[in-house]
Amino acid sequence: MILLQSPSRYLLQILSNRVQNLEKGVELDCQWVEFDDIRYHIQASAKNANVLLLSVSLPIPPPETVLFGGLPLGALEAIKAAYGVVAQILDPPRDGFNLTLKLNLSKLPPDEEHKHALLTKIASVREVVMGAPLRAVLKHLVSRTVPSDLGKPVALVHRPNESFFLVPQADKVTVIFPMRFNDSIDTVLATSFLQEFVEARRTAGLNNAPPCLWSPSPPQELKEAFTEALSANAGFVSFVIFPRHVEGRKLDRTVWNLSTFHAYVNYHVKCSECFMHTRMRRQVESLIQALDRAKPDSEKAKRSSPSRSFKRMSLKDGNNSLGSRSWK
């Protein structure tokens with residue numbers, strides 16, 4: 001299985017190249033889109049090479065999600081805690097974006113290892129922003145404190161016009177994903193993939209993994225959710241997160257894996273579809289070769305017999321031919 005990387009590789013490459021070539025003072029203006037419709041825009045002027053403007057556009061939220069100033073709950077606090085003096089939040093952000101950060105590269109730590117770690121954290125701005133409410137709920141689980149919204153589903157945006165749900169409890173957090181796909185083939189493959197995903201959890205080597213359940217209908221925990229949010233043509237996947245799954249360094253990995261679970265499934269569904277198409281093409285080629293070998297020998301002889309052809313002669317060849325005849 002392939003897991004998605006939390007830092008944006010393209011953004012990390014831009015930041016690293018900028019730090020290594022500060023003396024050149026090259027003007028920079030670049031936009032790109034990554035999976036789940038996350039859009040980035042980074043700008044830098046040649047006059048002030050140390051300052052970068054990084055803007056991030058999040059997916060369009062569905063009506064059941066709650067945002068604060070266009071950002072998820074706790075995102076501003078998470079940004080300040082993660083980047084410190086290196087990043088300044090601009091209010092309001094650039095037009096068309098939910099967040100704009102003013103990065104001052106001169107305030108990066110001098111140590112190369114710490115500098116690379118902070119640049120990687122900046123390239124993981126998607127995880128910091130979109131994972132902020134999920135991280136806050138899971139921290140209650142780590143500290144064994146009872147959350148204020150005990151037992152009530154909390155909707156978090158993770159894809160355009162789509163959300164997944166958290167159901168916090170005193171000793172566990174249930175994470176529920178309504179799985180939707182536009183293509184009918186993707187829906188069938190995803191349903192089969194998710195059912196096998198649940199079965200794989202029962203193997204001996206995965207005893208410590210979070211319990212996983214799949215259901216074609218909404219689970220009981222979502223009885224208070226919006227009806228529009230419960231339309232899922234590939235069923236509902238539920239993970240039960242216990243304190244042992246978020247202790248220490250496991251918290252960051254758990255937050256990222258849950259935030260990008262739908263993209264993870266979609267990636268493997270597309271890979272499976274591509275693999276099956278490749279196998280089908282190879283099978284057709286082998287059948288065509290078998291049919292060619294089964295043809296009668298008379299047909300093969302007709303194909304291999306030399307056909308009459310005419311060669312167009314040039315003017316020079318014609319003169320040489322006439323000269324040879326007159327000499328004879």
Side-chain angles (χ1 to χ4, degrees), residues 1-6 8 32-40 57-65 67 72 126-127 129-131 133-134 153-167 174-202 206 209-241 254-281:
M1 293 294 181
I2 296 178
L3 296 176
L4 300 169
Q5 301 293 321
S6 59
S8 168
W32 71 98
V33 179
E34 294 190 352
F35 63 92
D36 287 343
D37 201 26
I38 304 294
R39 187 160 54 95
Y40 297 89
S57 175
L58 303 180
I60 301 172
E64 64 268 14
T65 57
L67 300 181
R126 169 199 174 116
E127 177 193 4
V129 175
M130 298 190 65
L134 176 57
V154 180
L156 303 181
V157 60
H158 69 134
R159 303 181 74 241
N161 293 314
E162 293 186 16
S163 59
F164 68 103
F165 298 89
L166 306 179
V167 183
T174 304
V175 187
I176 304 171
F177 294 90
M179 303 301 293
R180 307 178 183 92
F181 295 88
N182 296 326
D183 188 77
S184 58
I185 297 177
D186 290 353
T187 303
V188 174
L189 291 176
T191 303
S192 177
F193 177 82
L194 293 171
Q195 291 174 350
E196 291 295 328
F197 200 85
V198 175
E199 292 296 326
R201 166 65 179 76
R202 300 176 183 177
L206 298 175
C212 179
L213 301 172
W214 178 87
S215 172
S217 57
Q220 279 296 113
E221 292 88 349
L222 297 183
K223 59 183 178 180
E224 299 180 5
F226 288 87
T227 306
E228 295 79 6
L230 302 181
S231 59
N233 53 11
F236 296 80
V237 181
S238 303
F239 293 97
V240 182
I241 309 299
T254 301
V255 168
W256 178 248
N257 290 342
L258 291 175
S259 300
T260 58
F261 176 72
H262 194 287
Y264 165 85
V265 174
N266 193 45
Y267 174 83
H268 286 285
V269 165
K270 292 298 183 183
C271 288
S272 301
E273 189 175 350
C274 180
F275 175 74
M276 286 189 290
H277 286 174
T278 303
R279 289 286 301 272
M280 290 168 63
R281 292 189 187 99

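If you're wondering where the values come from, they're calculated on a predicted model, not measured in any experiment. Every heavy atom of this structure was used, including side-chain atoms; hydrogens, water molecules and symmetry mates were not.
Considering all non-hydrogen atoms of both residues, P133 and V129 come closest at CD-O, 4.1 Å. For the pair E221 and V167, the tightest heavy-atom approach, listed with the atom from each and the gap, is CB-CG2, 3.7 Å. Heavy-atom minimum distance, D36 versus P59: O-CG, 3.3 Å. The minimum heavy-atom distance linking A155 with S163 is given by the pair CB-OG, 4.2 Å. Scanning all heavy atoms of the two residues, the minimum distance from F177 to V175 falls at CE1-CG1, 3.5 Å.
Taking SG from C271 and CG from L189, the interatomic distance works out to 11.5 Å, rounded to the nearest 0.5 Å. To the nearest 0.5 angstrom, F236 atom CZ is 10.5 Å from W214 atom CH2. Between Q220 atom CD and T174 atom OG1 the span is 12.5 Å, to the nearest 0.5 Å. With rounding to the nearest 0.5 Å, the separation of CD1 in I176 from CZ in F164 is 11.0 Å. Taken to the nearest 0.5 Å, the NE2 atom of H262 stands 6.0 Å off from the NE2 atom of H158. Rounded to the nearest 0.5 angstrom, R180 CZ and S231 OG are separated by 4.5 Å.
The side-chain heavy atoms of Y264 and N266, taken from C-beta on, include no pair separated by under 4.5 Å. No side-chain heavy atom of D37 sits less than 4.5 Å from a side-chain heavy atom of R159. Contact annotation: the side chain of L156 never approaches that of F165 to less than 4.5 Å [non-hydrogen atoms, C-beta and beyond]. Counting heavy atoms from C-beta outward, V265 and Y267 have side chains that stay 4.5 Å or more apart. In this structure the side chain of V237 reaches within 4.5 angstrom of the side chain of C212, judged on heavy atoms.
The aromatic rings of F197 and F261 sit perpendicular to each other, their planes meeting at more than 60°, with 30° as the lower class boundary.
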Quick one, E34 with S8, criterion side chain to side chain donor-acceptor pair (under 3.5 Å). Give me CA distance, side-chain angles, the key distance, then yes/no.
CA-CA 8 Å; E34 294 190 352; S8 168; 2.4 Å; yes

Going through the checks in order, is the side-chain contact (heavy atoms from CB on, under 4.5 Å) test met by R126 and T260?
CA-CA 11 Å; R126 169 199 174 116; T260 58; 3.9 Å; yes

side-chain contact (heavy atoms from CB on, under 4.5 Å) evaluation trace for V157 with L58:
CA-CA 9 Å; V157 60; L58 303 180; over 6 Å; no

L134 and T254: CA distance, side-chain angles, deciding distance, side-chain contact (heavy atoms from CB on, under 4.5 Å) verdict
CA-CA 10 Å; L134 176 57; T254 301; over 6 Å; no

Yes or no on side-chain contact (heavy atoms from CB on, under 4.5 Å) for S259 and M130, after CA distance, side-chain angles and deciding distance?
CA-CA 8 Å; S259 300; M130 298 190 65; 5.6 Å; no

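For N233 (side chain) and F181 (main-chain N/O), a donor-acceptor pair under 3.5 Å exists by modelled atom type. Side-chain atoms of T191 come within 3.5 Å of backbone atoms of T187 as a donor-acceptor pair (strictly under, hydrogens ignored).
For L67, the CG atom is densely surrounded, since the number of other residues' heavy atoms within 6.0 Å is greater than 12.
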